[in-house]
Amino acid sequence: MNPQDSLEKRLKMAEMHDDVLKRIDDAIKKKHSIEACWLCYSCFESRITRTLEKASEQCAIKKCHENPRVGIASRIECIKRLRRMSYCSLDCFTADTLGQVLSWCKERNQLVHALVTLNNYYGMDSKFMALAKRGKPLVVKLYDETTAFRNKYYEISTIPAFPVDATKKCRLCKKHDEEN
């Protein structure tokens with residue numbers, strides 16, 4: 001199978017990702033931990049969504065990556081489900097990495113929502129810094145696994161049929177079936 005993006009675009013994307021990794025490092029060095037966390041989260045969301053664009057290509061519903069109201073947790077759960085079913089080279093992702101990204105995102109959301117409450121405001125810098133420092137290596141790990149997936153994905157001559165069991169467990173697919 002051929003990549004959907006041109007080589008020029010893929011090279012620019014790689015350059016962009018290298019720049020974002022440097023920005024994360026710079027933000028951590030300058031103690032701009034909220035910015036570092038924001039960049040990490042953006043990287044996680046981008047990689048997870050791009051993975052689902054490929055992995056759910058044969059899904060009849062294809063809602064996970066197209067619907068902006070579907071959060072990163074639902075997208076990660078979809079990848080985890082498909083990975084357990086040995087679908088479409090998703091074995092490049094480890095359950096550990098996906099679980100860590102999910103936990104990291106949940107903690108980030110809790111911190112963001114607690115940020116401007118008087119009870120939590122003081123001491124948030126150290127919490128965000130700890131999260132940022134855990135986020136950066138996790139971004140690199142997810143990038144590595146995403147690259148391995150992408151390489152294996154493009155080696156496939158045809159995309160296999162989407163697992164019926166995956167759609168039975170997906171809340172969006174269930175909702176679609178109920179409406180039709």
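- Between the side chain of Ser46 and the backbone N or O of Ser42 there is no donor-acceptor pair closer than 3.5 Å.
- You'll find the side chain of Cys88 reaches within 4.5 Å of the side chain of Ile156, heavy atoms only.
- Ring geometry for Phe44 versus Trp104: interplanar angle over 60°, hence perpendicular rather than tilted (30 to 60°).
- Transitive grouping of hydrophobic side chains (ILVMFWY, heavy atoms separated by less than 4.5 Å) brings Ile159 and Phe93 into a common cluster.
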side-chain contact (heavy atoms from CB on, under 4.5 Å) evaluation trace for Val20 with Cys43: CA-CA 8 Å; Val20 170; Cys43 292; 3.4 Å; yes
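- In Lys152, the NZ atom is crowded: over 12 heavy atoms of neighbouring residues, nucleotides or ligands sit closer than 6.0 Å.
- A single hydrophobic cluster is seen to contain both Met124 and Val116, as judged by linkage of ILVMFWY side chains at heavy-atom distances under 4.5 Å, directly or through other members.
- Two different hydrophobic clusters hold Tyr153 and Met85 under the rule that ILVMFWY side chains link at heavy-atom gaps under 4.5 Å.
- Side-chain contact between Lys141 and Asp96 is present, with at least one heavy-atom pair separated by less than 4.5 Å.
- The side-chain hydrogen bond (donor to acceptor under 3.5 Å, both in side chains) search around Tyr87 returns none, not counting sequence neighbours.
- Using a distance-only test at 3.5 Å, with no hydrogens or angles considered, a donor-acceptor pair links the side chain of Ser6 to the main chain of Lys9.
- Of all heavy-atom pairs between Glu145 and Thr94, the closest is OE1-N, 2.9 Å.
- By the rule that hydrophobic residues join a cluster once side-chain heavy atoms approach within less than 4.5 Å of another member, Val101 and Val112 end up as members of one cluster.
- The two residues Cys78 and Leu52 have their closest heavy-atom pair at SG-CD2, 3.7 Å.
- For the pair Arg108 and Tyr41, the cation sits on the ring face: its NZ or CZ lies under 6.0 Å from the ring centre, inside 45° of the axis.
- Listed for the Thr51 side chain is a donor-acceptor partner under 3.5 Å among the backbone atoms of Arg47.
- The side-chain heavy atoms of Arg150 and Arg50, taken from C-beta on, include no pair separated by under 4.5 Å.
- Using a 4.5 Å heavy-atom threshold, the side chains of Met16 and Lys12 count as separate.
- For the residue pair Leu90 and Arg83, the shortest heavy atom distance occurs at O-CG, 3.4 Å.
- Residue Leu11 is not grouped with residue Tyr154 when hydrophobic side chains (ILVMFWY) are merged at heavy-atom distances under 4.5 angstrom, including chains of intermediate members.
- For the residue pair Lys80 and Leu98, the shortest heavy atom distance occurs at CG-CD1, 3.6 Å.
- Nearest approach of Ala36 to Ile24, heavy atoms of both residues: CB-O, 4.1 Å.
- Taken to the nearest 0.5 Å, the CG atom of Leu82 stands 8.0 Å off from the OG atom of Ser56.
- The structure places CZ of Arg75 at 13.5 Å from CG of Leu102, a figure rounded to the nearest 0.5 Å.
- Taking 4.0 Å as the cut-off between side-chain N and carboxylate O, Arg23 and Asp19 count as a salt-bridged pair.
- Between Ile34 and Leu115, the closest side-chain pair of non-hydrogen atoms falls below 4.5 Å.
- For the residue pair Gln58 and Phe162, the shortest heavy atom distance occurs at O-CB, 3.5 Å.
- Interatomic distance, CD1 of Ile76 versus NZ of Lys106, reported as 9.0 Å (0.5 Å rounding).
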Residue pair Arg81, Glu77: steps toward the salt bridge (Lys or Arg N to Asp or Glu O under 4.0 Å) verdict: CA-CA 6 Å; Arg81 244 188 329 276; Glu77 290 302 328; 5.3 Å; no
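- Put simply, the side chain of Ser74 never gets that close to the backbone of Val70: no donor and acceptor are under 3.5 Å apart.
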Using atom types as modelled, flag every donor-acceptor pair under 3.5 Å from a side chain in residues 127-138 to any protein atom, sequence neighbours excluded.
from   : atom 1 : to     : atom 2 : distance (Å)
Arg134 : NH2    : Glu107 : OE1    : 2.4
Lys136 : NZ     : Asp25  : OD1    : 3.0
Lys136 : NZ     : Asp25  : OD2    : 3.1

side-chain contact (heavy atoms from CB on, under 4.5 Å) evaluation trace for Phe149 with Asp91: CA-CA 8 Å; Phe149 163 74; Asp91 59 341; over 6 Å; no
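- Residue pairs meeting the salt bridge (charged side-chain N to carboxylate O under 4.0 Å, His left out) criterion with at least one partner in residues 31-43, sequence neighbours excluded, do not occur; the list is empty.
- For CZ of Arg10, the number of neighbouring non-hydrogen atoms (other residues, nucleotides, ligands) closer than 6.0 Å is greater than 12.
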